[in-house]
Structures are given as C-alpha cells and as structure tokens.
Amino acid sequence: QVQLVESGGGLVQAGGSLRLSCAASGSGFSINAMRWYRQVPGKQRVWVADITSVGTTRYLDSVKGRFTISRVNANNTVYLQMNSLKPDDTAVYYCNADASPLRPRGLPTNTYWGQGTQVTVSS
C-alpha cells in the first residue's frame, strides 16, 4: 500500500560523495519515521540513520559527521547525503519507512522497505 523507490547509488572512490534518494508513494497514509539501512552480502542488515516526521535525526556512530539524512516534498522523500565515503561504506542501502492510515484515526503503524541501491566505494 506504501511504495518506496530508491535511487542514487553508484561507484565512487574513497573520499567521494553520493546522495541517495527515497520517494514514498501511497494514498491515504501518513509517513512517519524514515530510515536508511545497509547490508553487505552474507551479513545482517544494519541501521544507518533515521529521521522523524518533525525532523529529528539519529546516526550510526561510524557515519556521524559524514552522512546527513533529510526530508523534503512534504515528508514524502528522504535523502542520505554521504560524504567522505570509505570502502567500509560499501553495501546495498535500503530505505525504510513507518506509515499509518489516515482514516480511521488511531490505526497501528506498518513498516515498509525500498528495493535497495548499491553503493560501492573503491580504495
């Protein structure tokens, strides 16, 4: 019912930058918190950053000062600006969002995932 579409991944050299984008779509839903996760093949998916509907942000310690999460377009789009990229940042990055139906009021929130976008940082 809520779809998340990601873009912006690619191949960069260490020290370079990328900006990931995730656009949420769906009728009759309120998008609440949005998050970025990343996953290396064969390893568990790890939380990277999140942002609430009012703009409060949190980051994984290893990306603080380098990554910035933000929201635009009436909170339907979330970005992850990644600077000073390191080879250890190489992963598939996934967008995640909490959404609740607008009506009736008070229904529980569900979580949705994007398809993932590959980020590769060369040394």
Side-chain angles (χ1 to χ4, degrees):
Q1 298 179 18
V2 174
Q3 294 179 322
L4 304 176
V5 180
E6 302 174 41
S7 62
L11 173 64
V12 298
Q13 291 184 308
S17 298
L18 285 173
R19 189 180 74 163
L20 307 183
S21 177
C22 173
S25 62
S27 298
F29 286 85
S30 174
I31 307 299
N32 300 318
M34 300 188 77
R35 310 172 185 90
W36 288 99
Y37 285 72
R38 66 188 184 189
Q39 186 171 29
V40 176
K43 297 184 179 180
Q44 189 167 339
R45 193 170 299 179
V46 177
W47 169 83
V48 175
D50 59 29
I51 184 167
T52 70
S53 61
V54 296
T56 303
T57 60
R58 301 187 302 165
Y59 299 92
L60 178 68
D61 282 346
S62 63
V63 308
K64 287 181 179 177
R66 301 188 297 119
F67 291 11
T68 302
I69 188 171
S70 61
R71 295 175 75 159
V72 293
N73 297 338
N75 285 335
N76 289 326
T77 301
V78 64
Y79 296 100
L80 186 67
Q81 178 66 48
M82 305 185 294
N83 299 325
S84 301
L85 283 163
K86 305 174 181 179
D88 284 349
D89 296 319
T90 296
V92 177
Y93 284 70
Y94 294 90
C95 179
N96 170 275
D98 293 337
S100 58
L102 290 172
R103 305 175 72 90
R105 297 172 63 184
L107 292 179
T109 297
N110 292 321
T111 300
Y112 301 86
W113 291 92
Q115 79 284 2
T117 184
Q118 176 70 48
V119 172
T120 302
V121 184
S122 64
S123 60

### Task
Please identify each residue that fulfils salt bridge (Lys or Arg N to Asp or Glu O under 4.0 Å) with Lys86, with sequence neighbours left out.
none

### Query
If we only count heavy atoms from C-beta on, is the Arg38 to Val63 side-chain gap below 4.5 Å?
yes

### Task
Please check if any side-chain donor atom of Ser53 sits under 3.5 Å from a side-chain acceptor atom of Asn32, or the reverse.
no

### Task
Keeping to residues at least two apart or across chains, list the ring-ring contact (aromatic ring centres under 6.0 Å, His included) pairs with something in residues 10-33.
none

#### Entry: Residues which pass salt bridge (Lys or Arg N to Asp or Glu O under 4.0 Å) with Arg19, listed by chain and number, not counting sequence neighbours
none

### Trp36 vs Asn96 side-chain heavy atoms within contact, under 4.5 Å
no

### Message
Show me the pairs that pass side chain to side chain donor-acceptor pair (under 3.5 Å) and involve residues 2-12, at least two apart or across chains.
### Response
none

### Task
Please report the closest heavy-atom contact between Ala14 and Pro87, naming both atoms and the distance.
CB-CD, 4.1 Å

### Query
Among the clusters formed by ILVMFWY side chains lying less than 4.5 Å apart, do Trp47 and Phe67 turn up in the same one?
yes

#### Entry: Pairs satisfying ring-ring contact (aromatic ring centres under 6.0 Å, His included), at least one member in residues 101-123, at least two apart
Tyr37-Trp113

### Summary
Across all chains, not counting sequence neighbours, the side chain to side chain contact (heavy atoms under 4.5 Å, CB included) partners of Leu107 are Pro101, Pro104

### Summary
In terms of heavy-atom contacts, Leu102 and Ser30 come closest through CD2-CB, 3.7 Å

### Task
Keeping to residues at least two apart or across chains, list the side chain to side chain donor-acceptor pair (under 3.5 Å) pairs with something in residues 114-123.
Gln118-Thr120

### Query
How is the hydrophobic cluster of Val72 composed, in terms of its other members, when Ile, Leu, Val, Met, Phe, Trp and Tyr link through side-chain heavy atoms under 4.5 Å apart, directly or indirectly?
Tyr79

### Message
Just to verify, what does Thr109 make a side chain to side chain donor-acceptor pair (under 3.5 Å) with, not counting sequence neighbours?
### Response
none

### side-chain contact (heavy atoms from CB on, under 4.5 Å) between Ser21 and Thr77, intermediate numbers included
CA-CA 7 Å; Ser21 177; Thr77 301; 3.8 Å; yes

### Task
Only pairs at least two apart or in different chains count here, so list each side chain to side chain donor-acceptor pair (under 3.5 Å) that has a residue in residues 55-67.
Asp50-Arg58, Asp61-Lys64, Arg66-Asp89

#### Entry: Minimum heavy-atom distance Gly114-Tyr94, with the two atoms named
O-CD2, 3.7 Å

### Message
Using the salt bridge (Lys or Arg N to Asp or Glu O under 4.0 Å) criterion, which residues pair with Asp98? Sequence neighbours excluded.
### Response
Arg35

### Query
How would you list, by chain and number, every residue that makes a side chain to side chain contact (heavy atoms under 4.5 Å, CB included) with Val12, sequence neighbours excluded?
Leu18, Leu85, Val121

## Note on the structure
In Asn110, Thr111, Ile31, the residue satisfying side chain to side chain contact (heavy atoms under 4.5 Å, CB included) with Val2 is Ile31

### Task
Might you point out which heavy atoms bring Leu4 and Ala24 nearest each other, and give the distance in Å?
CD2-CB, 3.4 Å

### Side chain proximity check, Ser17 to Met82, heavy atoms < 4.5 angstrom
no

